[in-house]
Amino acid sequence: MDEKHLIRASKRLSRHLRHAPGDIGIALGPGGWVEVDTLLAALRRHGLHLTRAELDEVVEGNDKRRFAFDDDGLRIRASQGHSVAVDLALPAATPPDVLYHGTVARFLDAIRDEGLKPMNRHAVHLSATVETARTVGGRRGVPVVLLVDTRGMAAAGYEFQVSANGVWLTAAVPPEFLRRLP
Ligand code: HQG
C-alpha cells in the first residue's frame with residue numbers, strides 16, 4: 001500500500017472508530033471494539049475498499065499505533081482519542097512522577113482557572129515526554145508544554161490509565177498540579 005493510501009485509510013479509521021461510527025452505519029461495542037468483518041464491509045459500502053491484509057498494514061504502519069486488534073484478531077478498536085462515550089476498560093496504572101501536556105498559549109488562561117479538561121474527548125491526554133507534548137501542542141500553533149505533577153495527583157487519589165499506544169489518560173487535571181515549562 002502506498003503512503004497516501006495508508007494515511008487516507010488511517011484517517012477514516014480514526015474518524016469511525018473514535019468519533020463517528022454512525023457515518024458508516026456501525027456502532028462501537030463494549031470497550032470500543034468493532035468486528036473487523038463488519039468494519040471492512042461498512043467501509044466498502046462507503047467507498048473505501050480495504051482487504052484484511054491492508055487493514056493489518058494500516059494498523060502496523062500507523063505512526064502512533066492508534067489502532068489495536070483484540071487477542072484473536074477478530075475485533076479492532078482505537079486505543080484512545082474517542083469523542084463518543086466509550087469505556088476502554090483499561091486497568092488503573094501508576095504514572096511516572098511527572099507527565100506532560102502540550103497545548104497553545106490561547107488556552108492558558110482557561111487552563112489556569114479550571115485545569116485541564118477532556119474537552120471533546122473521553123479523557124485528558126498526557127504525554128510521557130516533553131517532545132511528544134510539544135508535537136501534540138504544535139498541531140494548534142506554537143506549542144506550550146505544561147508539566148503535570150502526576151505524583152501529587154496520584155497521592156491525592158486521582159486515577160490514571162495508559163492506552164495500548166502509551167498515551168496517559170486521566171479524567172481531569174486541577175490547576176494546582178500544573179506548571180508551565182519555560
Ligand atoms: C485544551 C492527538 C481550554 C487542551 C494528539 C487541548 C493527542 C483546554 C485541547 C490526542 C482546557 C483539546 C489528544 C480548558 C484542555 N480550557 N482549553 N480547561 N483543558 N484544553 O485534541 O491533548 O493524532 O482533544 O490543551 O497527538 O490536544 O488524534 O486533546 O489543546 O495524543 O491520535 O483543549 O490527539 O492524537 O484538544 O490531543 P484535544 P489533545 P491523534
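Read the numbers this way: they start at 1 and go in the same order the structure lists the ligands and their atoms.
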**Q** Are Arg66 and Asp63 ion-paired here, with the side-chain N under 4.0 Å from a carboxylate O?
**A**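 Answer for the salt bridge query: yes.
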**Q** Whether Arg52 engages the ring of Phe69 as a cation-pi pair (distance to the six-membered ring centre under 6.0 angstrom, angle to the ring normal within 45°) should be assessed.
**A**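 Yes, a cation-pi geometry holds between Arg52 and Phe69.
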**Q** Which residue pairs pass the ring pair (Phe, Tyr, Trp, His ring centres under 6.0 Å) test when at least one of the two sits in residues 72-94, sequence neighbours left out?
**A**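 Sorted pair list: His82-His122.
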**Q** Kindly state each residue pair satisfying side chain to side chain donor-acceptor pair (under 3.5 Å) with at least one member in residues 125-135, sequence neighbours excluded.
**A**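 The answer is Gln80-His125, Thr129-Thr132.
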**Q** Are a donor atom and an acceptor atom from the side chains of Asn62 and Ser10 found within less than 3.5 Å of each other?
**A** yes
**Q** Strictly under 4.0 angstrom, heavy-atom based: which residues surround ligand 1?
**A**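 Only Arg18, Lys64, Arg66, His101, Thr103, Phe107, Ala110, Ile111, Glu114, Gly115, Leu116, Lys117, Met119, Arg121, His125, Val136, Arg139, Arg140 have heavy atoms that fall under 4.0 Å of ligand 1, ordered by chain and number.
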**Q** Which residue pairs pass the ring pair (Phe, Tyr, Trp, His ring centres under 6.0 Å) test with at least one member in residues 147-182, sequence neighbours excluded?
**A** Tyr158-Phe177
